Amino acid sequence: MIHGISERHLVSALWEAERLEFIVRSQGLYGFTHDRVQEAAYSLIPASERAEAHLRIGRLLKAHTLPQKLEEAVFEIVSQYNQGASLITSREEREEVAELNLLAGKRAKTSTAYASALKYFVSGATLLGEDAWERNHELAFALEFHRAECEFLTNRAAAAEERLRMLLLSRRAVNTVELAAVTCLRVDLYMTLNRSERAVDIGLDYLRYLGVDWSPHPTEEEVRREYNRIWTNMGNRTTEQLIDLPLMSDPAWLGTMDVLTKLVPVAGHTDARLNSLVVCRMVNLTLEHGSSDGSVFAYVSVALLAAPNLGNYTDGFRFGQLGYELIEKRGLKRFQARTYTIFASHVMPWDALHQAQAEIARVSQMTTMEQLAASIAHEVNQPLAAVVTSGDACLHWLAATPPNLGKARRAVERMVRDGNRASDVLKRVRALLRKAPLVKSPVNVNKVIQEALALVVGELRKQGVEFSTESDLNLPPVIADFVQLQQVLLNLVMNAIESMAANTNRSKELHIQSRLDDNAQRSAVLVAVSDSGVGLTATEMEQVFEAFYSTKPEGMGMGLWICRSIIEAHGGQLTAWANDAGGATFQFVLPSSTEAGA
Amino acid sequence: MKAGDPIVFVVDDDRSMREALVDLIASVGLSVQAFNCAQEFLACRKDDAPACLVLDVRLPGPSGLDLQRELLHSETPIPIIFITGHGDIPMSVRAIKDGALEFLAKPFRDQDLLDAIQHALELDRAARSDRAIVAGLRHRYDSLTKREREVMALIVSGLLNKQIAAELGSSEVTIKIHRAHVMRKMKAESVVQLVHMAEKIGVPTKAHW
């Protein structure tokens, strides 16, 4: 086919080769009998002619591939074309091949082959001339944008950022959709580099382009105004009716929702008020322009905001419910995991607890990185060292005369087992390999308790747990990261619930107490979480805080270890003991802010 | 395994590592016995044979370094080769100062460990025969009378019979008899040999002046 000769001629031309068993013919197709034969045949084509041959093959493949089959065959076609790319002179064909490279790159990216994807985008971009930005803007932008994304995904953050910045500076991102895409990627990039302030600035720059001028540190009043606007926008509608809002269809608004969705967690690190402002704006955009994936996330976030901060529990829970139902009924599943994690109470199924743990791990990672690294290194090194030693032993058994194959086999079996063990350790810690900074400010622990309970109240009811609190309302604040403390408490409460899951004859009781620590030398605040569950043995009391210790078959064994690390990073202590009447108490003590400031 | 054959003890709480070590040591034809923790090792009865201990630093309960301390002051010290998952320099310095033979970071080259084991067994074999000799000498020394011991101390200090007699307020003839008893009971053929024996069992000598 490549040589453009008829089938009859081909058969006679190849008859000799077939007779010598260099090639085989099957179902009308010829194939080489062996890769080596193919290599030998290839080496017979002079190097100077190979590019031309590849180009010819590329063109023929393209011409003979049905449009609907193109995506399937694109890798093959592009690979041939690219090896002959230097010979393509016509602008139309160069753009056509660039388009194919874009398609191949996107496909490779979907299957997470980022390095290969990057090569396709680079090849595509190289095929385009400078004038492509005017002639075929969409193609040129797509190649450049995906290229930056793949650079970012293959750890070339600096190159990616430079490319994205140039897209903006040279005004090559021309519309809202493109600007939103570039902005989202840059926010991700700066968050990965742990520069949340910069990430916020980038997000706010985008909003400024849309004519919304927000400060990175808005006032309480600005947040309140945006929140009230939700109720104005709602009019007479109930939250239940919002499920039937039309889906957002304008790509520009969708892009903006994406940017805002990125900004929520970023602002969570830099400014709580900005975080609230963004969430409220997302709800308002939903009410004005329809539901999107981001709406789900906005509803559950505003639920968190409404309930404890603004004292509106009923509406808060309704919004949470709304977010959950939108996922289920309208198929807006993009932020499903994130939504469930945040709205841990009503909607969080039991197995999502692990996501919450991963979240805790993520937030606390900064404070515990060193400990964690040492712990992981040991956990991985141990089985690897055993693999090496067993390998050595195996070599000895094989070198014996006669070789002791039975012993050698058993050594190899141990190597397989221990290799898997090392790999399992890495799987367990993969969830911890992300970054987030620590933000400390004066925190009222009663508010932490209140919010943590608001998150789990649904679960407590579902499990039939009776819960009570006993709070000293005059407690001094502690200097802490609110989110981390909340996650410690959440983790302790979840553990308590789990420890009571098997209670059949005994009632399930959870009691949370906060008070001044009168035993302490310095002023300190104490929080105790008591349950009526299975309790702790004397040895467990210390072991539960060790990394990788777990009584649950699926447990990572990181929860309590991380809790203790968080509390210690705040200058406090986390301890546990068995109650006289059964069950266990977990208690943490934190220095109060008057002390911490002194 | 015959009585008196050398044996290698392994103490490591990690099952994978323990099994691998046992197999590696067995693969070069050595007898090996493994334990999970320090207490288990201490509780086990040991035959009278050259031995060495391959010891993990980090153990549940008493650590490897604790066990080393304990063995150091026991009647039958045993050469120790430390292995560790952490390349902790201060810890290895402490272990070596306390007499550890080798401090290997996991994973180690098998030859490094096997060489260390061979070396340790040689040392223990020598130490054991040395201890046996010393025990024999001490037994002979114990058979001496109080007077004979006084005389022996002065002989090995290099004093002549006359000087010893003066020192002890006795006659030269009596000293000569004591001296003959000492040489016979200690089975020493010469004064030089007696001096060596005295050194081995630590008989106090009198300084020259």
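Values in this document were obtained by computation on a predicted structure and should not be read as measured data. Here is how names work: the chains are called A, B, and so on, in the same order as the sequence lines, proteins then strands, and each is numbered from 1.
Taking a 6.0 Å sphere around CZ of R409(A), one finds it holds 12 or fewer heavy atoms contributed by other residues, nucleotides or ligands. Within a 6.0 Å sphere centred on CD of Q111(B), other residues, nucleotides and ligands contribute more than 12 heavy atoms. Heavy-atom contacts from other residues, nucleotides or ligands closer than 6.0 Å to NZ of K46(B) number more than 12. Other residues, nucleotides and ligands contribute only 12 or fewer heavy atoms inside 6.0 Å of the CG atom of N155(A). Residue E148(B) places its CD atom among more than 12 non-hydrogen atoms of other residues, nucleotides or ligands, all under 6.0 Å distant.
Looking only at side-chain heavy atoms (C-beta outward), E19(B) and D418(A) stay at 4.5 Å or farther from each other. A 4.5 Å side-chain heavy-atom check between R421(A) and R15(B) finds every atom pair outside the cut-off. Looking only at side-chain heavy atoms (C-beta outward), S16(B) and R417(A) come within less than 4.5 Å of each other.
Atom CG of L24(B) is separated from atom SG of C394(A) by 11.0 Å, given to the nearest 0.5 angstrom. To the nearest 0.5 Å, atoms OG1 (T389(A)) and CZ (R109(B)) are separated by 12.5 Å. Taken to the nearest 0.5 Å, the CG atom of L114(B) stands 8.0 Å off from the CG atom of D392(A). One distance of note links CG of D110(B) with CG of L395(A); it measures 8.0 Å at 0.5 Å rounding.
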Test log, rule salt bridge (Lys or Arg N to Asp or Glu O under 4.0 Å), inputs R410(A) and D23(B)
CA-CA 10 Å; R410(A) 277 195 290 281; D23(B) 199 35; over 6 Å; no

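The two residues A20(B) and R414(A) make their nearest non-hydrogen contact at CA-NH2, 3.9 Å. Across every non-hydrogen atom of K106(B) and N381(A), the tightest pair is O-ND2, 3.0 Å.
Of the atoms belonging to L104(B), not a single heavy atom falls under 4.5 Å from chain A.
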